[in-house]
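Have a look at the structure below, then the notes.
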Amino acid sequence: MNTVSLGVVHTPMNPEVTPELMARHPLGRMEEVDDDVQAILYLEQASFVPGSASPTG
């Protein structure tokens, strides 16, 4: 079984981006919905992926 573990996603429900929030993220930006979609599509399309939890944020 594989999972995608979501972080703080930039959406209309969570629109505020502050320097303090950015400092908590290793990439220095908020997670976008498309980041999660791409991770899920990868798992769906891959022919073989050993079981793992993939944090996206």
Side chains of Val9 and Glu32, heavy atoms from C-beta outward: is any pair under 4.5 Å?
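SC-SC contact between Val9 and Glu32 ruled out.
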
Is there a donor-acceptor pair under 3.5 Å between the side chain of Thr11 and the backbone N or O of Met13?
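Checking the backbone N and O of Met13 against the side chain of Thr11, a donor-acceptor pair under 3.5 Å is found.
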
To the nearest 0.5 Å, tell me how far [X] [atom1] sits from [Y] [atom2].
X	Y	atom1	atom2	result
His10	Asp34	NE2	CG	14.0 Å
Arg29	Asp35	CZ	CG	4.5 Å
Ile40	Leu6	CD1	CG	6.5 Å

I need the minimum non-hydrogen distance between Glu16 and Met30, along with the two atoms involved.
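Taking every non-hydrogen atom into account, O-SD, 4.0 Å.
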
List in chain and number order the residues that pass side chain to side chain contact (heavy atoms under 4.5 Å, CB included) with Ala46, two or more places apart in sequence or in another chain; answer none if no residue qualifies.
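Here the qualifying residues are Tyr42, Val49.
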
